[in-house]
Amino acid sequence: MSELHFYNSYTRQKEKFEPITQGYAGLYVCGPTVSGESHLGHARPYITFDIVQRYLKHLGYKVRYVRNITDAGHFEEEGREAIDKVGEKAKLEKMEPMEMVHKYTSMFHNGMHLFNCEEPAIEPTATGHIIEQITMIQTIMEKGYAYEVDGSVYFDVKKYAETYPYGKLSGRIIEDQLETTRELDGQDEKRNKVDFALWKKAPPEHIQRWNSPWGEGFPGWHIECSAMSSKYLGETFDIHGGGMDLQFPHHESEIAQSTIAHGHPPVRYWMHNNMITINGKKMGKSYNNVIKLSELFSGNHPILEQAYHPMVVRFYILQTHYRSTLDFSNEALQASERALKRLWEAYEILKKLTHKGNAEAEDKDLDNKVINWLNECTDFLNDDFNTAKVIANFFELAPVINGIKGGQVSAGAISAQTMDLLKSTFKIFLEDILGLKPLQASQSGKLDNVLALLIDMRKDAKKRKDFAASDLIRNKLAEAGILLKDEKDGKVSYTVE
RNA sequence: GGUCGGAUGGCCGAGUGGCUAGGCUCAGCUCUGCAAAAGCUGCUACAGCGGUUCGAAUCCGCUUUCGACCUCCA
């Protein structure tokens with residue numbers, strides 16, 4: 001595809017991306033609730049939408065990427081008592097809510113940094129936008145779609161559904177929702193089970209509380225995203241992203257709130273990433289099967305056979321299309337680790353490769369293949385961000401690069417121009433768009449010098465046919481995580497584990 | 001129970017009507033003092049049963065089976 005198309009969850013089909021304002025793209029992604037540490041499952045949306053954001057920029061759009069931090073009390077919609085997740089956890093940890101929120105926000109940021117996810121342009125917090133949320137709730141009340149009961153305010157979904165397509169995004173039928181209602185013995189303040197809270201009265205023990213026209217309380221979960229996205233991206237913006245599990249009720253509610261408050265739907269394109277599963281089950285708090293990011297990176301978890309580098313995890317996620325489920329296993333991660341190492345080494349070799357021979361390609365057939373593999377990468381991303389296919393093509397190219405270096409492929413097989421294209425495309429796709437980095441930082445010159453000495457000593461030993469000595473050097477270095485490789489031309493290179 | 005989505009080779013995973021992705025593993029070969037790395041070659045799969053079609057992993061139906069959402073969830 002020559003233009004960007006991607007799957008719109010709202011219409012359930014792939015659509016061509018046409019921004020509201022030519023040259024600009026607004027992207028809102030539901031961020032983390034910072035009442036706990038992020039886990040592997042959380043990594044997926046942020047890596048997925050990092051690609052979206054990076055690719056839009058690559059296409060020349062000026063992107064405003066907004067990702068919120070939920071630092072105000074979520075509460076259980078159907079529970080009889082409002083449970084403030086942030087406040088409850090803070091009490092458990094004997095911390096001020098803000099202290100705890102700061103702690104987990106920092107950890108989240110650190111994780112994102114390790115994954116090489118670019119920072120959003122704006123990262124608004126729910127607690128920083130209480131006024132905006134109250135204002136929006138008031139607007140909805142004025143329009144007659146919300147009602148107050150004893151200090152809490154609820155959105156009237158039943159009334160909304162009479163005029164608007166409630167349930168379209170998540171494929172739900174309002175009547176079913178109403179019928180399957182199991183009333184909670186009249187203790188429920190809501191007119192209908194389907195109604196959701198916009199504002200919740202704070203019980204006395206509740207830590208996080210703000211003044212409002214309805215008394216002290218705290219905002220509902222859904223309203224923060226509506227208030228903040230419209231504030232920073234406008235009443236209608238281009239793309240809203242998040243995990244599939246947020247489709248209902250979160251995103252459905254966002255649509256309802258914004259539609260009433262602003263008179264039209266808020267979002268042009270909805271995007272949802274699929275879940276990461278573990279043994280076929282979604283990774284999530286309620287399943288007790290989460291692997292926290294710190295555990296993943298340290299290997300400190302019963303399920304983990306080893307530590308996994310953040311880039312390996314990123315690569316592993318990108319090898320699967322974002323709308324497919326992705327099952328965690330040590331085997332899969334380890335395969336990704338080997339694959340990434342091989343690919344990256346080919347890239348390092350490519351950087352040092354200089355074109356030899358005629359400017360014209362000696363092997364026209366190969367030259368055309370290479371050009372085609374490179375050009376296809378754009379088509380793949382244009383077709384619903386298919387990073388899996390992009391990566392597959394780079395694995396087609398790796399043997400060509402290694403072959404040129406190893407002499408199996410003639411140095412002038414591809415044209416000088418193709419060589420340049422190869423180099424620039426690797427850089428643009430691997431680094432800029434896929435956001436990959438080498439597994440370890442480049443080594444200091446000091447290590448180079450030390451190794452040069454050892455390599456020389458080993459060379460001498462080999463000359464004397466003292467293989468015991470040469471193998472000793474190689475084996476000891478290998479134990480230390482430094483692998484020597486004897487190149488064809490007599491040179492010796494090394495890689496550090 | 002309702003709604004929706006899957007089931008692809010030893011493992012992971014692309015793929016929507018013909019041109020049999022890719023990765024990892026495994027085996028053989030080349031290179032090497034031996035290795036490692038790299039290269040080459042091989043392993044040809046689409047849950048089952050029907051149907052549509054000249055032709056289906058890909059479309060339709062049924063069956064089996066797994067999962068997601070319906071409550072907080074990325």
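Sequence lines set the chain letters: A, B, ... in the order given, protein chains first and strands last, and positions in each chain run from 1. Atoms considered below: every heavy atom in the structure, side chains included; atoms not considered: hydrogens, waters and symmetry mates.
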Mind checking what makes salt bridge (charged side-chain N to carboxylate O under 4.0 Å, His left out) contact with A:K351, not counting sequence neighbours? A:E348
So does A:E119 have more than 12 non-hydrogen atoms from other groups sitting under 6.0 Å from CD? no
Aromatic ring centroids of A:F115 and A:Y46 under 6.0 Å? no
Is the backbone N or O of A:G280 less than 3.5 Å from a side-chain atom of A:D327, with the two atoms forming a donor-acceptor pair by type? yes
Assert: residue with more 5' nearest nucleotide on RNA chain B, out of A:K285 and A:S170, is A:S170
Between A:N386 and B:G15, does any side-chain N or O lie under 4.0 Å from OP1 or OP2? yes
Roughly how many Å apart are B:A14 and B:A74, using the P atom of each and rounding to a whole number? 23 Å
Table of protein N/O atoms under 3.5 Å from nucleotides 27-32 of chain B N/O atoms:
none

C1'-based separation of B:G42 from B:A36 [nearest Å]: 23 Å
Calculate the interatomic distance between A:Y308 atom OH and B:C24 atom C1'; express it in whole Å. 13 Å
Close N/O contacts between protein and nucleotides 20-22 of chain B (under 3.5 Å):
| unit_1 | atom_1 | unit_2 | atom_2 | d |
| --- | --- | --- | --- | --- |
| B:G22 | OP1 | A:E396 | OE2 | 3.1 |

Determine the Euclidean distance between corresponding C1' atoms of B:U52 and B:C29; express it in Å to zero decimal places. 47 Å
Please work out if A:K405 contacts a base, only the sugar-phosphate, or nothing of the nucleic acid, heavy-atom cut-off 4.0 Å. nothing
Would you kindly check if the NZ (Lys) or CZ (Arg) of A:R67 is within the cone defined by 45 degrees around the ring axis of A:F49 and under 6.0 Å from the six-membered ring centre? no
Please confirm whether the shortest side-chain N or O distance from A:N273 to OP1 or OP2 of B:A74 is below 4.0 Å. no
Return the OG1 to CD distance between A:T70 and A:E224, rounded to the nearest 0.5 Å. 3.5 Å
Closest listed nucleotide, where the reference is the side chain of A:K281 and the choices are B:A14, B:A74, B:A68: B:A68
Would you say A:Y322 places a side-chain N or O within less than 4.0 Å of OP1 or OP2 belonging to B:G13? no
In chain order, what residues pass the salt bridge (charged side-chain N to carboxylate O under 4.0 Å, His left out) check against A:D367, with sequence neighbours excluded? none
Are there any protein N/O atoms within less than 3.5 Å of an N/O atom in nucleotides 10-12 of chain B, and if so, which ones and at what distance?
| unit_1 | atom_1 | unit_2 | atom_2 | d |
| --- | --- | --- | --- | --- |
| B:C11 | O2' | A:E331 | OE1 | 3.2 |

Expressed in whole Å, how much space separates the C1' atoms belonging to B:G23 and B:A45? 16 Å
Answer yes or no: is there a donor N or O on one side and an acceptor on the other, between the side chain of A:D71 and the main chain of A:T125, under 3.5 Å? no
Does A:N279 have more than 12 heavy atoms from other residues, nucleotides or ligands lying within 6.0 Å of its CG? no
Can you list the residues that meet the salt bridge (charged side-chain N to carboxylate O under 4.0 Å, His left out) rule with A:K292, with sequence neighbours excluded? none
Report yes if a side-chain nitrogen or oxygen of A:S324 is closer than 4.0 Å to either non-bridging phosphate oxygen (OP1 or OP2) of B:A14; otherwise report no. yes
If the condition is side chain to side chain contact (heavy atoms under 4.5 Å, CB included), which residues does A:A332 pass it with, not counting sequence neighbours? A:Y316, A:S329
In chain order, what residues pass the salt bridge (charged side-chain N to carboxylate O under 4.0 Å, His left out) check against A:K485, with sequence neighbours excluded? A:E345
Which part of the nucleic acid, if any, lies within contact of A:Y287, taking any heavy atom under 4.0 Å across all strands shown: a base, the sugar-phosphate backbone alone, or nothing? sugar-phosphate
Counting heavy atoms not belonging to A:K476, are there more than 12 under 6.0 Å from its NZ? no
Kindly indicate whether the side chain of A:T320, heavy atoms from C-beta on, has any atom under 4.5 Å from the side chain of A:R44. yes
Name all stems that contain residues of RNA chain B, defined as runs of 3 or more consecutive Watson-Crick or G-U wobble pairs, both distances under 3.5 Å. B:1-7 with B:64-70, B:10-12 with B:22-24, B:26-30 with B:38-42, B:47-51 with B:59-63
Can you figure out which of B:C70, B:A68, B:G15 approaches the side chain of A:P249 most closely? B:C70
Separation between the C1' atoms of B:G17 and B:C60, rounded to whole Å: 13 Å
Under a 4.0 Å heavy-atom cutoff, the residues of residues 464-483 of chain A touching RNA chain B are A:F467, A:S470, A:D471, A:R474
Does this structure show an ion pair linking A:D379 with A:K389, if we count only N-O contacts that are shorter than 4.0 Å? no
B:G28 and B:G22, which share atom name P, separated by this distance in whole Å: 23 Å
Among the nucleotides B:G33, B:A74, B:U25, whichever has the atom closest to the side chain of A:K462 is B:G33
Most 5' of A:R338 and A:T325 on RNA chain B, judged by nearest nucleotide: A:T325
Say you pick atom C1' in B:G9 and the same atom in B:C46; how far apart are they, in whole Å? 9 Å
Anything under 3.5 Å between a protein N or O and an N or O of nucleotides 41-47 of chain B, put it in a table, one pair a line.
none

Quick check for you: among B:A74, B:C70, B:C4, whose closest atom lies nearest to any side-chain atom of A:K282? B:A74
If you look only at pairs with a residue in residues 323-354 of chain A, which of them pass as a ring-ring contact (aromatic ring centres under 6.0 Å, His included), with sequence neighbours excluded? A:W344-A:Y347, A:Y347-A:F426
Trace of the salt bridge (Lys or Arg N to Asp or Glu O under 4.0 Å) decision for A:D50 with A:R54: CA-CA 6 Å; A:D50 185 47; A:R54 281 169 182 264; 2.8 Å; yes
More than 12 heavy atoms of other groups within 6.0 Å of A:K369 NZ: no
Could you please name the option among B:C24, B:C4, B:A74 that lies closest to any side-chain atom of A:L246? B:A74
